[in-house]
Amino acid sequence: VRYRNSGTGTLHLMSHDGNEDITLDASGFIQFEAGGSEAMRIDTNNNLLKGHTATIAQEVCQSGTNVSVYTPDVQINNSGNGGLAVSRFNTGNTESANLWLTKSSSNTIGTQAALAENEAIGRIIFSASDGSTFSNGASIEAFADAGQGTNDTPARLEFKTTADGATTPTTRMTIKHNGNVGIGVAAPDSALAVTRSENTVFDASQADHQRDKGATLRVQNNSTTSNSFAQILFRNQASNVGGCRIVSVNRGNDQSDLAIVTGDTNEAMRIFANGNAAIGTTDGSTAKLSIDNVLSGDVGIKITQDQAEIGLKIDQNGNNRAIYIDSESTTYDAIRIQGSKYGIYSQQDLADGYAGYFTRDLNETGSNPLVFIKDDHTANTQAALKIQQDGAGYGIHLDQNGNNIGLLIGSDSTTANVLYVSADAVTTGSAAYFYSASTALASTATGGLVEIISAGDTDTNVNNLLYIHNDHADSTGTTA
C-alpha cells in the first residue's frame, strides 16, 4: 500500500500494482477503484454513486399533480444485470433480511415527532425514461392513517400507476390500516370494494364479455377439460365446511353453466348455457325454469304481491297451453283460489273456442260430479250459478248421450219454486218447450214426453199435481 501525491492536491491510496485505488480528489470527491476501473465514489455533496460519475435527478409526485425533483443520496447504476440485494443467513424463525423506510415528522435528524394523518411515510417509485428524463410510471406509497399515537401508528398503502397520456400516477388500489382493500376507491368501507366510473352500456352480445369495461372482476380457469370450473367461494367459519359457491362450469364449445352451491355441498340452482334454469335439480333440459326436490312443508313457488299490479302474468303467444298442471293429489284440489272477491275470470276472444272446458275420462262409480259448485252460507241470497246470454245462442246446452237424466234438480226448498222460468219478453215463442222425434215414445206405456209424478201423501196434500194459471185479465189464450 502506498500514498502518492500527484502534486495537484490529489491523494491516492493504492495497491502495489495500482489496480485498486482510493482517490481523494482535490475537487472534493472520493473515488474507489477495483480491477483498474472505478467501482463507486462519494461526490462533493456526499452522494454515494455506483456505476456513474454524476448524480441523476428523479421525479416524485407527492400529492395530486405536484411533481418534485430529488437527487437520491445513494445511486446504483448499471448497464447490465444489477440491483440491490439484502441477505441474511440465520436458523431463527423470526430472523430475516429487512429493508426499512422510516420517517419522523421532525427536521432534526435523530429526534422523534409523530406524523399527522395523511402524511407520507415512504415510497417505492418506478420511473421510466421519456427520452430526456425519468418520469414516474408507478409507485407503492405508505401514508399515516387516522389515529396516530404512542406505539400506535396506523398506516395505509396506496398502489399507483400512470395512465397513457397522463404525467402523474393515480391511486389504483388502497389497503387501509384495518385491512379493507379498495380498487378504484380511496376509502374502502368493506373487506374488498371495487369501484369504477365507466359509462359503457351493458351488452350481453359482446364476444369479449366487455371485460375491460364497467366495474369488472374476472376469475378465469384456462383448462379445456369438461366440467372444469372457475368459482368464487364464500365461507362464514374458520373450518373448511359450511361454504357457498358461485361456479362457472365449462360445458365445452365455449359454453358455460352458472351453478350456485349452498349448504356446503348442495347445488341449489343452475343456469344453463342455453338460458334454462333449474332449482333443486341439475336437469334443466325440458323447461325454461325447472323446480324439483322441494323441502317437506315448503310450497313450490310463492309470490307475494303488495302492489296494485298483477301477481303472475303469462303472455302465451305460442299455440299451446299457457298453464299445465299435472297433479297426483288424491285429497286436495289441483287449483284453489281463496280470499279473492271475484275468483276466476275467463275471457274468450278467439273465434271458435271456449272460455272454460272440463273433461273426465274415468270408468268409475264415484259420487263426485265433473264440476261442483257449492255456495254453503245459509244467509247468502245470491245465485250459485248465473249465465247471461246476450247472443242468439243457447243459454245452457245439455247434450246427454248416456242413458240417464239430462238435468236433475234436487231441492230441499219448502216454499220457493224448484224450477222457475221467467220469460217476460216472449211473443211467439214459449217459456218451456219439450220436443221428441222418437218413434218408440208412443209404445211406452209408463212414460211420456212430459211426465209429472207426485209420490207425496195425496190425502193431506192440497197442492195440485199440475197447476196452470193464466191470470192476466186481457189474455184471450187458452190455458192448455
Side-chain angles (χ1 to χ4, degrees), residues 277 279-280 287-292 294-362 364 366-401 405-426 429 431-432:
I279 299 175
K288 202 67 178 176
L289 174 62
S290 299
I291 300 177
D292 201 352
V294 178
L295 297 178
S296 176
D298 291 348
V299 297
I301 298 177
K302 180 180 179 181
I303 299 175
T304 300
Q305 170 60 288
D306 296 327
Q307 309 301 322
E309 298 293 340
I310 297 171
L312 175 63
K313 180 178 179 180
I314 299 176
D315 187 1
Q316 175 67 25
N317 295 317
N319 185 27
N320 213 316
R321 299 172 180 87
I323 298 178
Y324 180 82
I325 299 176
D326 181 7
S327 174
E328 306 297 333
S329 174
T330 58
T331 58
Y332 286 93
D333 316 303
I335 298 177
R336 170 166 290 199
I337 298 176
Q338 185 172 340
S340 174
K341 182 176 180 179
Y342 293 111
I344 297 176
Y345 178 82
S346 178
Q347 178 177 335
Q348 181 227 345
D349 54 8
L350 294 177
D352 199 27
Y354 35 77
Y357 182 81
F358 302 89
T359 180
R360 178 170 61 189
D361 187 10
L362 293 175
E364 65 173 356
S367 60
N368 289 323
L370 179 59
V371 178
F372 182 73
I373 300 175
K374 183 179 182 180
D375 192 348
D376 60 357
H377 199 289
T378 58
N380 187 9
T381 60
Q382 302 179 84
L385 175 63
K386 179 179 179 180
I387 298 175
Q388 179 178 329
Q389 170 60 286
D390 295 328
Y394 298 116
I396 297 178
H397 182 181
L398 296 177
D399 185 4
Q400 175 65 27
N401 295 317
I405 299 168
L407 178 62
L408 172 65
I409 301 176
S411 174
D412 293 328
S413 174
T414 58
T415 59
N417 303 307
V418 176
L419 180 61
Y420 179 82
V421 180
S422 176
D424 294 337
V426 69

More than 12 heavy atoms from other groups under 6.0 Å of CD on Q382: no
Would you list the atom pairs, donor with acceptor, under 3.5 Å between side chains in residues 300-310 and any protein atom, with sequence neighbours excluded?
| residue | atom | partner | partner atom | Å |
| --- | --- | --- | --- | --- |
| Q305 | OE1 | Q307 | N | 2.8 |
| Q305 | NE2 | I310 | O | 3.3 |

Applied to residues 345-360, the salt bridge (charged side-chain N to carboxylate O under 4.0 Å, His left out) test, sequence neighbours excluded, yields none
Any donor-acceptor pair under 3.5 Å from Q348 side chain to L350 backbone: yes
Would you mind listing every side chain to side chain donor-acceptor pair (under 3.5 Å) that reaches into residues 369-379, with sequence neighbours excluded? D375-N380
Any pair counted as side chain to side chain donor-acceptor pair (under 3.5 Å), so long as it reaches residues 310-335, sequence neighbours left out: D333-R336
Just how far is it from atom [atom1] of [X] to atom [atom2] of [Y], taken to the nearest 0.5 Å?
X	Y	atom1	atom2	answer
Y354	S346	OH	OG	11.0 Å
I325	I335	CD1	CD1	3.5 Å
L362	L370	CG	CG	9.5 Å

State, yes or no, whether a side-chain contact exists between I396 and I387 at a heavy-atom distance under 4.5 Å. yes
Listed by chain and number, what are the side chain to side chain donor-acceptor pair (under 3.5 Å) partners of Y345, not counting sequence neighbours? Q347
What side-chain donor-acceptor pairs closer than 3.5 Å can you find for residues 407-419, not counting sequence neighbours?
| residue | atom | partner | partner atom | Å |
| --- | --- | --- | --- | --- |
| S411 | OG | S413 | N | 3.1 |
| S413 | OG | A416 | N | 3.0 |
| S413 | OG | A416 | O | 3.1 |

